[in-house]
Amino acid sequence: MLSKKMSKAMNHQVNRELYSAYLYLSMAAYFRSINLNGFANWMEIQCQEEMTHAQKFYQFIDERGEKVVLEAIEAPPHTWKTPLQVFEETFKHEQHVTSLINNLVKLAQTENDYASHSFLQWFVNEQVEEESTADDIVQQLKLVGNQGQGLFMLDRELGQRVFTMPSQSD
Ligand code: FEO
């Protein structure tokens, strides 16, 4: 069984992961609207990944004998000035998600909930990757600036990203 506090916090994390999916889908739509379809592809896959994060929490809450209660998801922003601004926001958002995961880990510790603590380690590691990938793209965009050819090359590179379903232990 999850404690009431833990259950509430995990339910809220389902919502935050779904919001992340919503945010990245909105960013994908922005990139489609300015014909940067490789950037859009990257964001669409990011959206799919966030859905799997939400599903992991959903399954875990159910496995621990609690009911998932979905909360409202707010509308994400829908327009940005530049690709750089989008990725700076992505990086900032992932840092925020890391802080939410860290808070869940702290709660699991104070509640002596070893199963939740163990479950959350996957997310601790995932956030390292999430932040690093977003920051890499920020740095690349800073190098490229608004130069057409560099942006075109980066668009092609980001267009290669494919979705892979994370395994249970992955
Ligand atoms: Fe589910 Fe990008 O953190």
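Computation of the quantities below employed the complete heavy-atom set of this structure, encompassing side-chain atoms and omitting hydrogens, waters and symmetry-equivalent molecules. On a predicted model such as this, the values are computed, not experimentally measured, just so you know. Whatever order the structure lists ligands and atoms in, that order sets their numbers, starting from 1.
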Exercise for review: Only counting residues at least two apart or in another chain, list the ones meeting side chain to side chain donor-acceptor pair (under 3.5 Å) with Asp113.
Suggested key: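 With sequence neighbours excluded, Asp113 shows a side chain to side chain donor-acceptor pair (under 3.5 Å) to Arg64, Ser116, given in chain and number order.
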Point to revise | Residue that, paired with His53, satisfies side chain to side chain donor-acceptor pair (under 3.5 Å) out of Glu49, Glu50, Gln55 | key: Glu50
Donor-acceptor side-chain pairing of [X] and [Y] below 3.5 angstrom:
X      : Y     : value
Glu130 : Gln46 : yes
Arg161 : Asn41 : no
Glu17  : Gln13 : yes

Check your understanding: Is there a path of hydrophobic side-chain contacts, each under 4.5 Å between heavy atoms of I, L, V, M, F, W or Y residues, that connects Val138 with Val128?
Key ->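 Val138 and Val128: separate clusters.
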Check your understanding: Ignoring waters, how many protein N/O/S atoms are under 2.8 Å from atom 2 (Fe) of ligand 1?
Key -> 4
